[in-house]
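Okay, structure first, notes after.
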Amino acid sequence: MINTESQADELGDNHIGSSTENPLRKDAFDLTDEQKIELIKKDVTQILTTLGMDLTDDSLKGTPNRVAKMFVKEIFGGLNPNKKPSSSTFENGYKYGEMLVEKNITVYSTCEHHLLPIVGRAHVAYISNGKVIGLSKMNRIVDYYAKRPQVQERLTMQIVKELQTALNTEDVACVIDAKHLCVNSRGIRDIESSTVTSEFGGKFKEENVRREFLDYINLDTKF
């Protein structure tokens with residue numbers, strides 16, 4: 001339990017998550033998107049005013065509304081369960097029994113500690129036990145869980161869990177390699193470092209299967 005502001009700062013600066021689920025209040029969806037936008041717009045106005053910005057300037061007068069809409073409709077849109085993509089699956093009629101890998105899926109997320117961008121790539125794989133999922137659905141699942149205040153470890157686990165549920169198999173894996181602007185642009189300001197997280201389920205816990213997956217994502221794909 002975090003009891004002091006200094007403890008909270010230490011947890012955030014070390015990029016430590018507190019839960020495998022995004023911490024949401026029970027009343028998180030009592031307000032409509034439009035109501036949330038109006039409230040956030042006032043808060044952004046207050047922040048900018050406190051910083052000394054002149055919101056009568058043509059460049060700034062629309063900023064509170066733009067930021068509020070961006071928060072609710074875009075970068076934190078994945079908090080809304082109504083936006084969860086359908087995970088339609090199909091019978092594996094062609095009996096494909098090998099690993100399927102979708103690599104280099106673009107990840108745009110937001111660090112929940114500093115509200116700065118996380119930008120990188122996700123590589124996802126599964127081995128069918130009778131069901132297959134559309135390739136674009138894998139991208140949409142990654143995007144849905146990325147569009148919220150996140151920690152990368154949780155994001156990786158959520159992607160795997162969602163696909164395991166949809167495909168009714170434990171044989172799912174995910175690796176994410178991403179840059180965190182809370183490290184790259186503030187604090188230590190290390191612009192070269194990136195963070196790699198992984199989650200391996202079922203057969204992917206076996207060394208040879210995991211190695212095959214990692215070899216696939218290291219292929220230099222060019223077209």
Side-chain angles (χ1 to χ4, degrees), residues 1-87 105-120 122 139-159 161-162 176 178-187 189 195:
M1 178 68 69
I2 300 298
N3 296 314
T4 68
E5 187 173 338
S6 63
Q7 287 177 319
D9 284 345
E10 183 178 5
L11 184 145
D13 285 337
N14 286 297
H15 310 281
I16 297 170
S18 61
S19 171
T20 56
E21 300 296 330
N22 295 92
L24 287 170
R25 300 195 321 270
K26 292 182 179 180
D27 63 350
F29 306 108
D30 287 356
L31 298 176
T32 66
D33 283 358
E34 287 68 30
Q35 289 171 320
K36 290 179 179 180
I37 288 170
E38 286 303 311
L39 289 171
I40 294 170
K41 184 163 61 173
K42 294 176 183 177
D43 292 334
V44 175
T45 297
Q46 182 62 46
I47 291 169
L48 293 175
T49 300
T50 301
L51 289 171
M53 305 300 292
D54 179 6
L55 295 186
T56 65
D57 186 271
D58 286 343
S59 179
L60 289 172
K61 62 176 57 176
T63 297
N65 187 58
R66 285 190 293 266
V67 172
K69 287 171 63 178
M70 176 185 69
F71 275 15
V72 175
K73 300 286 189 180
E74 297 180 76
I75 66 174
F76 299 146
L79 290 171
N80 189 339
N82 292 328
K83 295 183 179 181
K84 184 176 181 178
S86 63
S87 301
I105 300 171
T106 300
V107 172
Y108 283 114
S109 191
T110 304
C111 164
E112 68 182 33
H113 301 125
H114 298 93
L115 298 185
L116 287 171
I118 299 170
V119 182
N139 297 62
R140 294 181 190 279
I141 287 170
V142 171
D143 190 61
Y144 171 69
Y145 285 104
K147 291 292 186 287
R148 54 184 70 183
Q150 271 289 19
V151 292
Q152 188 172 320
E153 298 93 330
R154 180 197 297 134
L155 173 59
T156 310
M157 296 166 66
Q158 287 174 330
I159 293 166
K161 183 178 178 180
E162 180 64 28
I176 297 177
K179 284 183 172 290
H180 293 236
L181 265 70
C182 50
V183 174
N184 302 146
S185 69
R186 58 157 299 282
R189 294 195 298 276
T195 301

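In this text the structure is predicted, and so the values were computed from the model without any measurement. Only heavy atoms go into these numbers, but all of them, side chains included; no hydrogens, no water, no symmetry mates.
Side-chain contact between Lys41 and Phe71: absent, with no pair of heavy atoms (C-beta onward) separated by less than 4.5 Å. Between Thr56 and Lys61 the shortest side-chain heavy-atom distance does not fall below 4.5 Å. At least one side-chain heavy atom of Ile159 sits under 4.5 Å from a side-chain heavy atom of Ile176. Taking the side chain as every heavy atom from C-beta outward, Leu24 and Leu79 approach each other to under 4.5 Å. Within the 4.5 Å cutoff, side-chain heavy atoms of Asn22 are placed close to those of Gln158. With contacts defined as side-chain heavy-atom distances shorter than 4.5 Å, the pair Val119/Val107 does not qualify. Looking only at side-chain heavy atoms (C-beta outward), Asn80 and Lys83 come within less than 4.5 Å of each other. No side-chain heavy atom of Leu116 sits less than 4.5 Å from a side-chain heavy atom of Thr110.
Side-chain atoms of Gln35 and Asp30 form no donor-acceptor pair, as typed in the model, at a separation below 3.5 Å.
Other residues, nucleotides and ligands contribute at most 12 non-hydrogen atoms within 6.0 Å of the OH atom of Tyr108. Around the CE atom of Met53, the shell of radius 6.0 Å holds no more than 12 heavy atoms that belong to other residues, nucleotides or ligands. Counting non-hydrogen atoms of neighbouring residues, nucleotides and ligands closer than 6.0 angstrom, the NZ atom of Lys69 reaches no more than 12 such neighbours.
Listed by first and then second residue, the side-chain hydrogen bond (donor to acceptor under 3.5 Å, both in side chains) pairs that reach into residues 43-52 are Gln46-Thr50, sequence neighbours excluded.
Judged by distance alone, with hydrogens and angles left aside, the side-chain atoms of Gln150 form a donor-acceptor pair with the main-chain N or O of Tyr145 at under 3.5 Å. A donor-acceptor pair under 3.5 Å is formed between the side chain of Gln152 and the backbone N or O of Thr195. For Arg148 (side chain) and Gly78 (main-chain N/O), a donor-acceptor pair under 3.5 Å exists by modelled atom type.
Tyr144 meets the ring pair (Phe, Tyr, Trp, His ring centres under 6.0 Å) test with no other residue; sequence neighbours excluded. Partners of Lys42 according to the salt bridge (Lys or Arg N to Asp or Glu O under 4.0 Å) rule, which considers only residues two or more places apart in sequence or in another chain, do not exist here.
Atom SG of Cys111 sits about 8.5 Å away from atom CZ of Arg186, to the nearest 0.5 Å. Taken from NE2 in His180 to OG in Ser185, the straight-line distance is 12.0 Å, to the nearest 0.5 Å. From Met70, atom CE reaches atom CZ of Phe76 across 7.5 Å, with rounding to the nearest 0.5 Å. Remark: Leu115 CG to Ile75 CD1 distance equals 7.5 Å, nearest 0.5 Å. To the nearest 0.5 Å, atom OG1 of residue Thr32 and atom CD1 of residue Ile37 are 8.0 Å apart.
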Q) Going through the checks in order, is the side-chain contact (heavy atoms from CB on, under 4.5 Å) test met by Ile40 and Val72? A) CA-CA 9 Å; Ile40 294 170; Val72 175; 3.7 Å; yes
Q: Show the numbers, then the answer: is there a side-chain contact (heavy atoms from CB on, under 4.5 Å) between Arg154 and Glu21?
A: CA-CA 7 Å; Arg154 180 197 297 134; Glu21 300 296 330; 5.8 Å; no
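Ion pairing of Glu34 with Lys73 is present here, as a side-chain N (NZ or NE/NH1/NH2) and a carboxylate O approach within less than 4.0 Å. In summary, Lys147 and Asp143 engage in a salt bridge, as defined by a charged side-chain N under 4.0 Å from a carboxylate O.
Here the shortest heavy-atom pairing between Val142 and Thr106 reads CG1-O, 4.4 Å. Nearest approach of Lys36 to Leu31, heavy atoms of both residues: CE-O, 3.7 Å.
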